[in-house]
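Once you've had a glance at the structure underneath, I'll fire off some questions.
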Amino acid sequence: MENVTPPRSKEEQQFPAVLDLSPFGIILLDESNHLTQLNQLAELVMTEADGLRVRQNSLCATNPASQQRLRRALEQAGTTHDHRAATGDEIITICRSSGREPLELLVTPLHRQRHTASVRGLPSLAVLIWDPEKMSPLRLDRVRHMYRLTAAEARVTEGLVRGMAVVELAREMRVQANTIRTHLKRIYDKTGARRQSELIRLLARNLLLNMP
């Protein structure tokens with residue numbers, strides 16, 4: 001097993017302390033998709049090597065099919081500064097050889113302009129890792145207060161973060177799928193997000209929602 005923690009400068013040593021407040025595993029990659037920084041939860045996932053691992057300072061999936069999805073997601077996010085690309089955000093699942101629940105990943109670009117994304121040494125991509133068996137749940141009380149969500153809207157938001165689809169949420173909450181879609185529209189209106197990936201990124205970046 002390789003050392004999953006890349007060398008850090010004094011400035012970089014201070015930054016992961018902030019990342020460790022997040023309930024997501026966070027990995028930052030440079031323009032060559034090499035690891036530059038990762039928080040403690042991401043280090044734990046890498047150490048277990050059950051679904052994801054580090055090989056030659058690159059993020060890899062241990063399952064061939066998952067590796068293909070991961071490679072495509074990294075490529076898509078890496079071309080977001082191209083005018084032909086959409087948002088660059090990608091949500092994928094990573095299978096685990098242990099048979100445990102799959103890891104859920106959000107791959108998102110950190111820079112939207114070509115000249116910024118290619119600056120040598122700057123993190124270019126962020127990979128947010130959600131392990132449904134390890135990560136602490138969102139503080140729904142804070143989510144409700146910050147975005148003025150109803151209790152039902154907060155439950156739908158939490159379900160979206162867990163990667164659930166509309167039909168799954170409807171089944172879990174014992175309501176019609178159209179009711180979930182109505183909640184979704186209101187959630188997007190209140191948060192300013194336009195799609196599930198944007199909502200997850202918004203919640204992940206808001207440390208006030210995730211601190212113990």
Side-chain angles (χ1 to χ4, degrees), residues 1-9 12-78 89-110 123-140 158-165 168 172 196-197 199-201 203-207 209-212:
M1 176 66 191
E2 298 182 20
N3 181 2
V4 299
T5 307
R8 297 169 178 160
S9 65
E12 290 174 328
Q13 290 172 2
Q14 297 172 358
F15 188 49
V18 177
L19 299 183
D20 288 337
L21 296 175
S22 172
F24 293 86
I26 301 177
I27 297 177
L28 302 184
L29 306 173
D30 64 15
E31 67 278 5
S32 300
N33 289 342
H34 291 153
L35 274 70
T36 62
Q37 296 174 35
L38 65 168
N39 67 355
Q40 290 181 353
L41 287 176
E43 286 188 25
L44 178 60
V45 173
M46 296 301 104
T47 300
E48 291 181 343
D50 186 14
L52 290 172
R53 64 179 177 179
V54 176
R55 184 171 59 190
Q56 297 179 345
N57 203 33
S58 296
L59 180 63
C60 300
T62 56
N63 174 276
S66 295
Q67 174 61 17
Q68 290 183 3
R69 290 194 295 271
L70 176 60
R71 185 175 63 250
R72 285 196 298 266
L74 293 173
E75 291 174 352
Q76 174 66 24
D89 297 329
E90 294 286 324
I91 296 179
I92 60 173
T93 56
I94 299 294
C95 298
R96 298 201 266 193
S97 56
S98 64
R100 295 155 62 195
E101 288 190 58
L103 297 171
E104 298 170 9
L105 270 60
L106 169 66
V107 183
T108 183
L110 295 176
S124 181
L125 299 176
V127 179
L128 307 184
I129 306 170
W130 179 262
D131 183 343
E133 298 185 7
K134 280 195 174 65
M135 312 310 182
S136 57
L138 284 174
R139 292 292 301 272
L140 293 186
E158 193 267 344
L160 291 176
V161 171
R162 288 189 283 130
M164 298 182 69
E168 294 173 314
E172 181 177 282
Q196 185 175 3
S197 61
L199 180 64
I200 293 174
R201 186 171 62 179
L203 297 176
R205 286 179 173 176
N206 196 325
L207 297 179
L209 299 178
N210 302 318
M211 290 174 63

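For this chain, numbers begin at 1 and follow the sequence in order.
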For the student: nearest non-hydrogen atoms of Cys95 and Ser66, plus distance: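 For Cys95 and Ser66, the tightest heavy-atom pair comes out as N-OG, 3.0 Å.
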query: Between the side chain of Asn39 and the main-chain N/O of Phe24, is any donor-acceptor distance below 3.5 Å?
result: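 A pair under 3.5 Å: yes.
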- prompt: Distance-only, no hydrogens or angles: does the Glu90 side chain make a donor-acceptor pair with backbone N or O of Ala77 under 3.5 Å?
  reply: no
field: Main-chain N/O of Ala126 paired with Thr108 side-chain donor or acceptor, under 3.5 Å
entry: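 No, the answer is negative, given that no donor and acceptor are paired below the 3.5 Å cut-off.
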Distance, nearest 0.5 Å, that separates CG of Leu103 from CD1 of Ile94: 7.0 Å
task: Go through the steps for Arg72 and Ile92 under the test side-chain contact (heavy atoms from CB on, under 4.5 Å), then give the verdict.
output: CA-CA 10 Å; Arg72 285 196 298 266; Ile92 60 173; over 6 Å; no
message: Given 3.5 Å as the limit, does a donor-acceptor pair link the side chain of Asp50 with the main chain of Ser98, or not?
response: yes
Gln67 vs Leu70, side-chain contact (heavy atoms from CB on, under 4.5 Å): CA-CA, chis, key distance, verdict: CA-CA 5 Å; Gln67 174 61 17; Leu70 176 60; 4.0 Å; yes
field: Pairwise distance CD(Glu172) to CD(Glu158) - rounded to 0.5 angstrom
entry: 7.5 Å
- prompt: Of all heavy-atom pairs between Gln56 and His34, which one has the smallest distance, and what is that distance?
  reply: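 So the two residues come closest at O-CD2, 4.3 Å.
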- request: Take Leu59 and Asn33 through the test side-chain contact (heavy atoms from CB on, under 4.5 Å) and record every step on the way to the result.
  value: CA-CA 8 Å; Leu59 180 63; Asn33 289 342; over 6 Å; no
task: Kindly say whether Asp30 contributes a backbone atom to a donor-acceptor pair with the side chain of Ser124 at under 3.5 angstrom?
output: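 Checking the backbone N and O of Asp30 against the side chain of Ser124, no donor-acceptor pair under 3.5 Å is found.
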query: Would you say the side-chain atoms of Thr36 pair up with the backbone N or O of Pro123, donor to acceptor, closer than 3.5 Å?
result: no
field: Side-chain heavy-atom pair Leu52, Leu105 within 4.5 angstrom cut-off
entry: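 Result yes, sub-4.5 Å side-chain heavy-atom pair found.
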task: For residues Ile129 and Met46, determine if any side-chain heavy atom of one lies less than 4.5 Å from a side-chain heavy atom of the other.
output: yes
- prompt: Are Leu41 and Asp131 close enough that some pair of their side-chain heavy atoms sits under 4.5 Å apart?
  reply: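 No, their side chains stay 4.5 Å or more apart.
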field: Straight-line distance of Glu43 CD to Ile26 CD1, nearest 0.5 Å
entry: 12.5 Å
message: What verdict does the side-chain contact (heavy atoms from CB on, under 4.5 Å) test give for Leu35 and Leu29, after you've listed the backbone C-alpha separation in whole Å, the side-chain angles of each residue and the deciding distance to 0.1 Å?
response: CA-CA 5 Å; Leu35 274 70; Leu29 306 173; 3.7 Å; yes
message: Could you tell me if Arg55 and Ser58 have a donor-acceptor pair between their side chains, going purely by distance under 3.5 Å?
response: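 Checked: Ser58/Arg55 side chains show no N/O donor-acceptor pair below 3.5 Å.
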